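One structure below.
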There are 2 protein chains.
Amino acid sequence: MKALVVDDDRVLADLVSFTLRREGFQVSQAQDGESALRRWMEDQPDIIILDVNLPKTSPPLDGFTICRKIREQSDVPIILLTVREDEDDIVYGLKVGADDYILKPFSPRQLVARVQAVLRRTARGPISSTLQAGKLTLDADRREARCGEQEPVSLTALECRLLEYMMLHAGHILTIQELIDHIWGPGGGSRDMLRQLVRRLRSKIEPDPSSPVFIETIPGRGYGLKRDPGGTP
Amino acid sequence: MKALVVDDDRVLADLVSFTLRREGFQVSQAQDGESALRRWMEDQPDIIILDVNLPKTSPPLDGFTICRKIREQSDVPIILLTVREDEDDIVYGLKVGADDYILKPFSPRQLVARVQAVLRRTARGPISSTLQAGKLTLDADRREARCGEQEPVSLTALECRLLEYMMLHAGHILTIQELIDHIWGPGGGSRDMLRQLVRRLRSKIEPDPSSPVFIETIPGRGYGLKRDPGGTP
DNA sequence: TGAAGTTGTGATAAAGTTGTGACAAAGGGG
DNA sequence: CCCCTTTGTCACAACTTTATCACAACTTCA
């Protein structure tokens, strides 16, 4: 597997390269837009890690432009590196053909997780890895949930597992025992733990956690995600 | 009912098979992708339990691929088995048509619960199951009863069990003992408790609880739901 | 007519659930 | 090694559900 890392920050580029090499990738680097395009054509990488903030060279070639140019000729997976503040960067980046993004700063662990997720996804074709239920969107890979057009909130492993399972069964009630079994496996889990988990999930995704819109309680029975809460956008 | 269990782990496959057989299923097994597809075509199972991690055979046939191939030609319910560690993949499995999934390890109870839930769900479509009797509608899952076009009222566990039982036997008289046994189980319950229960249920669903329209009393014998109260809407 | 039994009703006690907050343990990353 | 996130544990108040009791009205039957 060959990877191309494009970043003008030498330290970051080296860190990314090192991480990917440790995962068995053959890595090449580029510091600016022009050499990035050259490396891409010469090396034919299987995946590209691309920082969107590149130095202004004489012909202005920022990350988005490179991404677009590459995408015009190839379907090679591209992961964008962006800074946390610019939420717009992300939507724009995805629009011009990027497959995924990583917010700086990030951990090596995150990097390999994203890279492998993207490779998995692209290998399987154009199937999105997100679940939908009304206004709720869950990206299980990233463990992020979004409510309508709001900011995505990141979920913990258990929260994600719970929400994913409820979304799969949206409109149906899952009993307390079923949820405990599914989330903690046989022998683990308890009513208390489930109660807390639901509570934490609600506090993250519900507009007003004290009067839930998405997760409904059926006393004595269990919980369920409302079918199509807020209507399909 | 016929079930097909696909898993290369013989021990697990046998455990699953045993559990399902005890539930009255006729079970066939397959250890790899190719034989899975063959068994599927030959046996025409009503449900498939499919491990996603199958051994790499010469034509790579993992669980997802099998699932997709089957789904291209059939709507037979499919439940995926996957290990807790790589549950990231599971969304993909659901996207290619699986109906549900179970994380390994799991308990037999969980397996049975999921299998039956999936069969129930696919049998009746995406809407939760409701009972009808004249103008009365009962959503046992949600424990909600509706009378005509009125607002649904939520029922307690016992109220729901009582109404469900009466609706299943609409038009028939159920003796007091029969009702007590069914609601509280053998040994539990009493005449008084049943009287109170009927009273509370009436106060919730009857337009005028002092002159009941739905639940009739047959003095000395028991209670019954009128066959078609208010006419079929 | 009167006694026995049953039903509907109301009040109230007992038991169980849920949501909540605070805090301890565990585990990973810098 | 310390800090932070995640997860598990506990106790509590508010509330709902269920059980229990008492009593009047009514029916049945001798």
Side-chain angles (χ1 to χ4, degrees), chain A residues 11-12 15 19 103-113 143-145 153-163 173-177 179-180 183-185 187-206 208-224, chain B residues 84-85 142-145 153-163 173-177 179-180 183-185 187-206 208-224:
Chain A
V11 180
L12 186 56
L15 176 61
T19 305
L103 298 176
K104 291 190 286 189
F106 54 87
S107 65
R109 185 170 169 59
Q110 262 177 295
L111 174 68
V112 297
R143 295 220 305 250
E144 280 181 353
V153 289
S154 66
L155 306 176
T156 69
L158 295 188
E159 287 161 3
C160 184
R161 201 178 293 165
L162 172 62
L163 182 56
I173 303 304
L174 298 164
T175 67
I176 294 177
Q177 195 54 56
L179 288 170
I180 290 176
I183 294 171
W184 284 276
S190 71
R191 247 152 250 255
D192 273 351
M193 286 156 72
L194 179 61
R195 220 157 8 112
Q196 288 301 358
L197 189 60
V198 169
R199 174 173 149 66
R200 283 168 182 142
L201 181 55
R202 272 182 176 152
S203 77
K204 285 191 180 180
I205 65 172
E206 294 280 1
D208 174 12
S210 59
S211 59
V213 180
F214 298 115
I215 303 175
E216 61 179 332
T217 304
I218 283 48
R221 207 172 150 69
Y223 299 91
Chain B
R84 240 155 240 286
E85 287 69 46
R142 227 171 229 87
R143 295 225 179 107
E144 280 179 353
V153 289
S154 63
L155 307 176
T156 71
L158 296 187
E159 287 161 6
C160 185
R161 208 177 302 169
L162 171 61
L163 183 56
I173 303 305
L174 301 164
T175 67
I176 293 177
Q177 197 52 51
L179 287 169
I180 290 177
I183 293 171
W184 283 275
S190 71
R191 243 152 257 250
D192 272 353
M193 285 156 71
L194 179 61
R195 226 164 356 118
Q196 289 299 344
L197 189 60
V198 170
R199 174 174 148 65
R200 286 196 296 265
L201 181 55
R202 273 179 175 154
S203 77
K204 285 191 180 179
I205 65 172
E206 295 281 1
D208 175 12
S210 60
S211 59
V213 180
F214 298 114
I215 303 174
E216 58 181 336
T217 304
I218 286 74
R221 301 234 29 219
Y223 300 91

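In the text below, chain A, chain B and the rest are named by the order of the sequence lines, each starting its count at 1. Only a predicted model underlies this, so the values are computations on that prediction, with no experimental measurement involved.
- If you check every strand for non-hydrogen atoms under 4.0 Å, L158(B) touches sugar and phosphate atoms only.
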Set out, line by line, the N/O atom pairs under 3.5 Å between protein and nucleotides 5-12 of chain C.
from, atom 1, to, atom 2, distance (Å)
dT7(C), OP1, G220(B), N, 3.2
dG8(C), OP1, R202(B), NH1, 3.2
dG8(C), OP1, T217(B), OG1, 2.7
dG8(C), OP2, Y223(B), OH, 3.0
dG8(C), N7, R195(B), NH1, 2.7
dG8(C), O6, R195(B), NH1, 2.7
dT9(C), O4, Q196(B), NE2, 3.4
dG10(C), OP2, R199(B), NH2, 3.4
dG10(C), O6, Q196(B), NE2, 2.5

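- Between K204(A) and L163(A) the shortest side-chain heavy-atom distance does not fall below 4.5 Å.
- Across every non-hydrogen atom of R202(A) and P212(A), the tightest pair is NE-CG, 3.5 Å.
- Applying the salt bridge (charged side-chain N to carboxylate O under 4.0 Å, His left out) rule to R143(A) yields no partners; only residues at least two apart in sequence or on another chain are considered.
- Every side-chain contact (heavy atoms from CB on, under 4.5 Å) that E216(A) has, sequence neighbours left out, goes to I173(A), I218(A), K226(A), R142(B).
- Side chains of R195(B) and V198(B) form no contact here, defined as non-hydrogen atoms less than 4.5 Å apart.
- With sequence neighbours excluded, the residues that form a side chain to side chain donor-acceptor pair (under 3.5 Å) with R161(A) are E87(B).
- L179(B) pairs by the side-chain contact (heavy atoms from CB on, under 4.5 Å) definition with L162(B), Y165(B), L174(B), L194(B), Y223(B), not counting sequence neighbours.
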Pairs: protein N or O with nucleotides 13-15 of chain C N or O, under 3.5 Å:
none

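- Within a 6.0 Å sphere centred on CZ of R221(B), heavy atoms belonging to other residues, nucleotides or ligands number 12 at most.
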*Reading nucleotides 24-30 of chain C 5' to 3', which nucleotides get B (base under 4.0 Å from a protein heavy atom), which S (sugar-phosphate only), which -?*
-----S-
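- Contacts of Q196(B) classified as side chain to side chain donor-acceptor pair (under 3.5 Å), with partners at least two apart in sequence or in another chain: none.
- In this structure T19(A) satisfies the side-chain contact (heavy atoms from CB on, under 4.5 Å) test together with L15(A), R22(A), P108(A), L111(A), V112(A), sequence neighbours excluded.
- Here the range on DNA chain D touched by chain B, meaning any atom under 4.0 Å from one of its heavy atoms, is dT17(D) to dC21(D).
- For T156(A), the side chain to side chain donor-acceptor pair (under 3.5 Å) criterion is met by E159(A), not counting sequence neighbours.
- With sequence neighbours left out, S190(A) forms a side chain to side chain donor-acceptor pair (under 3.5 Å) with no residue at all.
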